[in-house]
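Order of listing sets the numbers, starting from 1, for every ligand and every atom in it. For reference, positions follow the sequence shown, starting with 1.
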Amino acid sequence: MNFAVIGSGGREHSICYKLKQSKRIKKLVCIPGNAGTKNLAENINIDILNFNEVYKVIKNNNIDIVIVGPEQPLVDGIVDFLNKKKVRVFGPDKFASQLEGSKAFMKELCKKNNIPTANFGVFENFKNAVDFLTKNKMPIVVKADGLAAGKGVTICETIKEAKKKIKEILDGKYKSSKKVVLEEFLKGEELSYFSIVDENSFQFFGSAQDHKNVGEGDTGPNTGGMGAYSPSNLLTDELEDKIKKRIINPTLKVMESLGHPYKGFLYAGLMISKGEPYLIEYNIRMGDPECQVLMMRLKTDLLEIIDCATKGRLNNLKIKWSNDSCVTVVLCAKGYPGNYIKNSEIKNLSTIVQDQSNQIFHAGTYEKDKKVFSNGGRVLNITSLGKNLVEARDKSLENLEKIKWDDGFFRKDIGWKAIKNENNKR
Ligand code: AMP
Ligand code: GLY
């Protein structure tokens with residue numbers, strides 16, 4: 001079969017890596033891809049938000065199935081567009097994509113259907129937002145309603161700070177929406193729970209945890225993700241039952257009743273508080289860098305899974321996972337998540353042995369004259385499997401030591417909380 005993967009991050013590189021292992025893959029195209037996907041797929045450098053251009057590439061390459069990696073084309077309706085053109089595409093339609101595209105949509109849906117989530121208010125005007133603030137305890141979570149590349153959320157310790165953030169959002173700092181969502185701060189531990197969904201059923205698609213803060217010990221500003229590990233030590237059978245019963249099942253039922261049955265990867269960002277799950281956010285796609293650790297642990301043929309999912313036959317499949325742990329450490333360009341260095345050469349990548357247990361997934365990279373250069377904030381994902389998280393992380397860090405790049409930095413402590421408690425694994 002011929003596949004096209006849309007996107008240019010570590011997530012898309014890891015998806016290409018798994019598709020390429022399938023005996024049934026004939027042609028693989030990555031739109032636009034990066035220096036890593038170039039070795040597995042044909043990179044085609046076009047604007048992924050120009051759907052007519054994307055369609056041309058799909059037609060010219062006789063693509064059977066399209067996988068959409070990032071959220072923006074999904075939120076903009078790429079699935080509706082390609083479906084109309086009779087292209088098989090894996091992902092939610094524009095309406096269902098509001099689960100990620102609008103926090104207000106997601107929160108209202110939770111409220112109406114008793115899906116556990118933090119108490120909240122949605123505001124379009126400063127005075128009403130401030131009224132809500134004064135009635136609630138600090139800290140308070142201030143969120144931009146629309147897409148903000150993981151940077152639209154601030155946990156505010158004081159009313160003064162919250163007011164400043166609210167004003168920024170209402171003044172249009174995030175172009176996707178001017179609404180602000182204020183939320184009660186939930187205490188607990190976070191867990192990312194992934195599902196793969198087709199029109200008839202859904203299946204667990206792995207657990208993971210990422211580290212959003214730029215600094216060690218989870219300090220400093222939020223990023224798109226500085227590293228991730230899988231599995232999460234928090235997920236027990238009992239907790240999983242609650243997640244499915246109280247959060248995933250009701251959400252899928254509502255989407256169906258609204259005439260837009262959810263199809264695609266569904267990533268639930270959860271807070272586990274005293275053993276109870278609360279939904280913090282939905283993402284309508286795989287996580288990045290969570291996808292990288294999940295693809296390393298996935299034992300079932302990804303092509304087969306997506307083929308079944310686009311035919312509504314997921315319930316025929318048993319998806320298998322390795323019992324090993326996986327860690328990915330993100331190598332970033334200095335300055336990220338602020339202004340960062342670009343076009344800087346990264347050396348010695350070829351000295352790292354890449355095999356079933358060790359992979360370097362590229363993100364913000366490009367190749368020129370057989371040399372690799374950075375062109376993004378998150379640049380490489382150094383990913384390793386191990387018997388446990390400590391072993392996996394040690395291998396990633398060992399591989400990182402071999403890379404020569406003075407303009408890069410990374411966190412050495414990925415998985416630190418879970419490493420304290422390695423026993424409760426599934
Ligand atoms: P989001 O983009 O909604 O996932 O938020 C980004 C991060 O902010 C989450 O991963 C949490 O660490 C934190 N966060 C968001 N909402 C809450 C909340 N209501 N209570 C506590 N932490 C939160
Ligand atoms: N790593 C967070 C995300 O993909 O949204």
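Residue-to-ligand polar distances place Asp288 within reach of ligand 2: an N/O pair is separated by less than 3.5 Å. At least one N or O atom of Arg285, backbone or side chain, sits closer than 3.5 Å to an N or O atom of ligand 2. Any N or O atom pair closer than 3.5 Å counts here, and Met271 shares no such pair with ligand 1. For ligand 1, the polar-atom distance check finds no N/O of Asn222 at less than 3.5 Å from any of the ligand's N/O atoms. Looking at ligand 2, you'll find an N or O of Gly224 within less than 3.5 Å of one of its N or O atoms. Where the criterion is an N or O separation shorter than 3.5 Å, residue side chain and backbone included, Asp210 meets it with respect to ligand 2.
Between Asp307 and Lys311, at least one side-chain nitrogen of the basic residue sits less than 4.0 Å from a carboxylate oxygen of the acidic one, meeting the salt-bridge criterion. Classification of Glu398 and Lys395 as a salt-bridged pair fails, no side-chain N sitting under 4.0 Å from a carboxylate O. Using a cutoff of 4.0 Å between basic side-chain nitrogens and carboxylate oxygens, Asp171 and Lys167 are scored as salt-bridged.
Each of the atoms 10 (O) of ligand 1 lies under 4.0 Å from some heavy atom of Lys212. Atom numbering of ligand 1 starts at 1 in the shown order; those under 4.0 Å from a heavy atom of Ala118 are 19 (N). Remark: ligand 1 atoms within the under-4.0 Å shell around heavy atoms of Lys143 are 3 (O), 15 (C), 16 (N). Remark: ligand 2 atoms within the under-4.0 Å shell around heavy atoms of Asn283 are 5 (O). Ligand 2 places these atoms under 4.0 Å from at least one heavy atom of Pro289: 1 (N). Ligand 1 places these atoms under 4.0 Å from at least one heavy atom of Glu190: 9 (C), 10 (O), 11 (C), 12 (O). Close contacts of ligand 2 with Glu290, meaning ligand atoms under 4.0 Å from a residue heavy atom, involve 1 (N), 2 (C), 4 (O). Applying the 4.0 Å criterion to heavy atoms of Gly287 picks out, from ligand 2, the atoms 4 (O).
Between Asn34 and Ser8, the side chains place no donor N or O within less than 3.5 Å of an acceptor N or O (distance only, hydrogens not considered). Side-chain N/O atoms of Asn213 and Thr219 include no donor and acceptor closer than 3.5 Å. Counted by atom type alone, Asp93 and Tyr262 present zero donor-acceptor pairs between their side chains at under 3.5 Å.
Ring centroid separation for the pair Phe105 and Phe95 comes in under the 6.0 Å cut-off. A ring-centre distance under 6.0 Å is found for Trp321 and Phe205. Close placement of the Phe204 and Tyr193 rings is indicated, their centers lying within 6.0 Å of each other.
Ring geometry, His13 versus Phe361: the interplanar angle exceeds 60°, so the pair is classed perpendicular (tilted spans 30 to 60°). Classification of the Tyr229-His211 ring pair by plane angle, with boundaries at 30° and 60°, yields tilted.
Across Thr117, Asn283, Val153, Val142, heavy-atom proximity to atom 5 (O) of ligand 1 is greatest for Val153.
Close to ligand 1: Glu184, with a non-hydrogen atom less than 4.0 angstrom away. Using a 4.0 Å heavy-atom cutoff, Ser192 is absent from the residues neighbouring ligand 2.
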